[in-house]
Amino acid sequence: MLDMYEMYKEIGISKEVYEFGEKILEDLKDRFEEFDRVCEYNQLKVLQAMRKNKVSAECLLGTTGYGYNDLGRETLERVYADTFKGEDALVRPQITCGTHALALALMSNLRPGDELLSPVGKPYDTLEEVIGIRPSQGSLAEYNITYRQVDLLSDGGFDYENIKKAINEKTKLVTIQRSKGYAMRPSFSVERIGELISFIKEIKPDVLVMVDNCYGEFVETREPLEVGADMIVGSLIKNPGGGLAPTGGYIVGKKECIENAAHRLTSPGLGKEVGASLGMNQSLFQGFFMAPTVTNSALKSAVFAANIYEKLGYHVVPNATESRHDIIQSVELKSEEALIAFCKGIQSAAPVDSYVTPEPWDMPGYDAKVIMAAGAFVQGSSIELSADGPLKPPYAVYFQGGLTWYHGKVGILMSLQKLYEANLVMDILL
Ligand SMILES: *Cc1c(COP(=O)(O)O)cnc(C)c1O
């Protein structure tokens with residue numbers, strides 16, 4: 001007979017922790033079924049885009065040098081465009097990360113004298129220097145592109161009145177961040193993003209809307225281009241890379257927006273025609289094919305963690321029962337000791353570098369020490385199981401990923417195991 005606990009025991013999970021986890025799981029069946037249905041739908045969507053565009057064995061090969069006539073690159077871009085319902089796409093390993101993709105989309109579609117508007121509050125940290133909120137070399141501000149921001153209302157709602165006031169004759173592009181990232185506000189559903197876009201386009205129909213889609217891909221059955229966005233932007237070492245893409249970023253949307261981005265990424269006159277894929281086509285295709293299932297695993301892991309830690313009395317965002325619009329989970333662990341224990345658990349359940357002990361360090365740009373746990377196949381990949389948090393109250397850990405649900409599960413049980421061993425949750429578990 002299969003004795004599942006024997007395996008967990010071998011990996012270092014105590015009986016109490018294992019049984020607590022199983023009890024939590026009993027109540028998650030309906031939740032998981034819902035995620036599975038979204039996953040099934042999205043798997044068909046990706047497959048159909050691959051069939052329609054006749055992905056062939058030849059597409060999996062790559063080019064070198066200029067990369068002219070790279071069939072794989074061109075087909076992959078068609079597959080992204082069809083899946084996400086855009087006219088065109090730019091999907092390149094030469095886009096180095098999510099921030100680069102966002103900067104590229106902004107810098108190529110804005111001109112001196114234009115204004116950028118964020119109607120959803122402060123954007124992701126790394127965009128502050130892109131925009132010039134914090135002065136930086138080459139920022140939009142240096143090119144005389146101004147920026148305006150309207151904060152969310154205290155209940156997380158859109159401040160329609162002030163958004164209306166902020167839109168003026170200079171407003172050229174509106175940026176909406178789908179995921180809360182590391183901020184304490186809700187993530188937006190595609191439906192809510194659609195409502196905001198309708199409102200804005202009613203006031204100014206020709207304004208361009210870009211959605212920072214990081215961590216949101218395949219969480220729902222629709223993507224923001226289906227509710228009126230002109231561009232969506234993201235990183236290939238998050239959801240759409242399916243854990244297999246070794247690097248890269250994407251922009252999908254209106255043909256003209258993509259043309260602008262391509263001419264900025266390579267050069268005026270060259271645009272999409274150059275850019276060697278260097279043997280990466282196979283990983284990018286296969287990763288995209290796997291992405292709906294991988295996102296599904298990350299969602300199950302996030303909800304499992306929310307339910308475990310909420311049950312233990314911690315404040316978790318999103319909470320145990322609310323709907324999900326991205327794959328990030330935060331848990332306020334209330335003490336330095338607990339935060340460190342949590343990260344040690346995630347690290348020790350990693351497939352790579354499991355024997356390493358994460359230590360808090362002074363990360364540039366942060367005002368407190370930060371601890372990070374990551375044992376990833378791809379450096380910095382946050383679709384793989386990973387966790388990090390600043391060592392200051394409320395000692396919130398942000399974690400995400402899990403290429404497979406079973407890995408997410410054991411990672412979370414291991415985090416709990418470390419808290420248990422440090423006598424931080426003993427009384428509640430028993
Ligand atoms: C990760 C992320 C980014 C930036 O991506 P990097 O790849 O880390 O540069 C931007 N916006 C959001 C919401 C993100 O989650």
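In each ligand, atom 1 is the first atom listed, and ligand 1 is the first ligand listed.
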In this structure, which one of Phe289, Phe285, Phe288 forms a ring pair (Phe, Tyr, Trp, His ring centres under 6.0 Å) with Tyr80?
-> Phe288
Heavy-atom pair with the smallest gap, counting every atom of Ala89 and Val252 = CB-CG2, 3.8 Å
Could you list the donor-acceptor pairs under 3.5 angstrom formed between side-chain atoms of residues 404-417 and any protein atom two or more places apart in sequence or on another chain?
unit_1: Thr404; atom_1: OG1; unit_2: His407; atom_2: N; d: 3.0
unit_1: His407; atom_1: NE2; unit_2: Ala349; atom_2: O; d: 2.7
unit_1: Lys409; atom_1: NZ; unit_2: Glu22; atom_2: OE2; d: 2.8
unit_1: Ser415; atom_1: OG; unit_2: Tyr309; atom_2: OH; d: 2.7
unit_1: Ser415; atom_1: OG; unit_2: Ile412; atom_2: O; d: 2.6
unit_1: Gln417; atom_1: OE1; unit_2: Ser14; atom_2: N; d: 2.8
unit_1: Gln417; atom_1: OE1; unit_2: Ser14; atom_2: OG; d: 3.1
unit_1: Gln417; atom_1: NE2; unit_2: Glu421; atom_2: OE2; d: 2.8

Side chains of Asn296 and Asp36: do they bring a donor and an acceptor to under 3.5 Å?
-> yes
Ligand 1-proximal atoms of Leu127, by part, heavy-atom distance under 4.0 Å = neither
Around atom 6 (P) of ligand 1, find the nearest protein heavy atom and jot down its residue, atom name and distance.
-> Gly98 N, 3.5 Å
Per-atom contacts of ligand 1 with Leu102, taking only distances under 4.0 Å to non-hydrogen atoms = 10 (C)
When you measure from the centre of the six-membered ring of Phe158, is the NZ or CZ of Arg192 under 6.0 Å away and within 45° of the axis?
-> yes
With a cut-off of under 6.0 Å to the ring centre and 45° to the axis, is Lys418 in cation-pi contact with Phe342?
-> no
Test item, Ile328 contacting ligand 1 (heavy atom, 4.0 angstrom) = no
Distance to 0.1 Å, residue and atom name: give those for the protein heavy atom nearest to atom 11 (N) of ligand 1.
-> Asp212 OD2, 2.6 Å
Closest to atom 8 (O) of ligand 1 (judged by heavy-atom distance), picking from Asn213, Thr96, Ile327, Thr99 = Thr99
Going by distance alone, is a donor N or O of one side chain under 3.5 Å from an acceptor N or O of the other, for Ser382 and Tyr215?
-> yes
Could I get the full list of ring-ring contact (aromatic ring centres under 6.0 Å, His included) partners for Tyr143, not counting sequence neighbours?
-> none
Select one of side chain, backbone, both or neither to describe which atoms of Gln177 lie under 4.0 Å from any atom of ligand 1, heavy atoms only.
-> side chain
Protein residue, atom and distance nearest to atom 3 (C) of ligand 1, heavy-atom basis | Tyr124 CE2, 3.3 Å
If you measure from each heavy atom of Lys238 to ligand 1, is any distance below 4.0 Å?
-> yes
Which atoms of ligand 1 sit under 4.0 Å from any heavy atom of Tyr215?
-> 15 (O)
Does any N or O atom in Cys97 lie less than 3.5 angstrom from one in ligand 1, N or O only?
-> no
